[in-house]
Amino acid sequence: MNDPVTAPFAASLRRLRRERRWSQRDLAAESGVSIATISTIERELHGPGLRAAILLARAFGVRLDAMCEKPVEGLMRAGESGRQIRRPS
């Protein structure tokens, strides 16, 4: 899939799970997210829904934004508009 949002989350999920030496079953028990959902996210077949993303981040004890290792191009921070401001010369 290589989605710019899903790929970093999936990579973080795999890395954090392996660092803790948790199986997908262990993570499912810890987070309340099904094994099937965890597997689907790790294989980048689908991105996580908001609920699953929050539960997974909590299971690892990390902030949700920390699950995205790379900044996502094209997304704006809160308060930014998509237009450029032209300043007088």
Side-chain angles (χ1 to χ4, degrees):
M1 183 179 204
N2 203 14
D3 180 292
V5 175
T6 302
F9 189 93
S12 292
L13 180 62
R14 286 189 300 270
R15 180 181 49 78
L16 290 166
R17 186 174 63 78
R18 289 175 181 158
E19 284 174 1
R20 286 162 177 75
R21 296 191 169 142
W22 287 353
S23 65
Q24 289 181 344
R25 183 180 306 272
D26 295 332
L27 179 55
E30 193 68 31
S31 67
V33 176
S34 74
I35 297 169
T37 298
I38 293 167
S39 175
T40 300
I41 295 166
E42 285 192 355
R43 291 181 292 140
E44 300 179 37
L45 298 178
H46 295 287
L50 182 58
R51 181 179 182 279
I54 291 169
L55 291 172
L56 291 166
R58 283 184 184 163
F60 291 122
V62 299
R63 290 172 42 124
L64 180 55
D65 60 342
M67 296 289 288
C68 295
E69 296 175 325
K70 299 176 185 175
V72 180
E73 288 185 36
L75 292 183
M76 294 172 281
R77 291 187 290 262
E80 290 182 336
S81 69
R83 55 194 171 128
Q84 292 185 350
I85 298 172
R86 293 185 184 221
R87 297 178 187 218
S89 312

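We're numbering straight along the sequence, starting at 1.
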If you round to the nearest 0.5 Å, how far is CE of Met67 from CZ of Arg15?
-> 8.5 Å
Can you list, pair by pair, the side-chain donor-acceptor contacts under 3.5 Å of residues 34-42, counting residues two or more places apart and other chains?
| residue | atom | partner | partner atom | Å |
| --- | --- | --- | --- | --- |
| Ser34 | OG | Thr37 | N | 3.0 |
| Ser34 | OG | Thr37 | OG1 | 2.9 |
| Ser39 | OG | Arg43 | NE | 3.1 |
| Ser39 | OG | Arg43 | NH2 | 3.4 |
| Thr40 | OG1 | Ala36 | O | 2.8 |
| Glu42 | OE1 | Arg17 | NH2 | 3.0 |
| Glu42 | OE1 | Gln24 | NE2 | 2.9 |
| Glu42 | OE2 | Arg17 | NE | 2.7 |
| Glu42 | OE2 | Arg17 | NH2 | 3.4 |

Please output the side-chain donor-acceptor pairs of residues 50-64 that fall under 3.5 Å, not counting sequence neighbours, one pair per line with the distance.
| residue | atom | partner | partner atom | Å |
| --- | --- | --- | --- | --- |
| Arg63 | NE | Asp65 | OD1 | 3.0 |
| Arg63 | NH2 | Asp65 | OD2 | 3.0 |

Considering all heavy atoms of both residues, which atom of Ala10 and which atom of Glu44 are nearest to each other, and what is their separation?
-> CB-CG, 3.6 Å
Quick one: which residue pairs count as a salt bridge (Lys or Arg N to Asp or Glu O under 4.0 Å) with a foot in residues 20-33, not counting sequence neighbours?
-> none
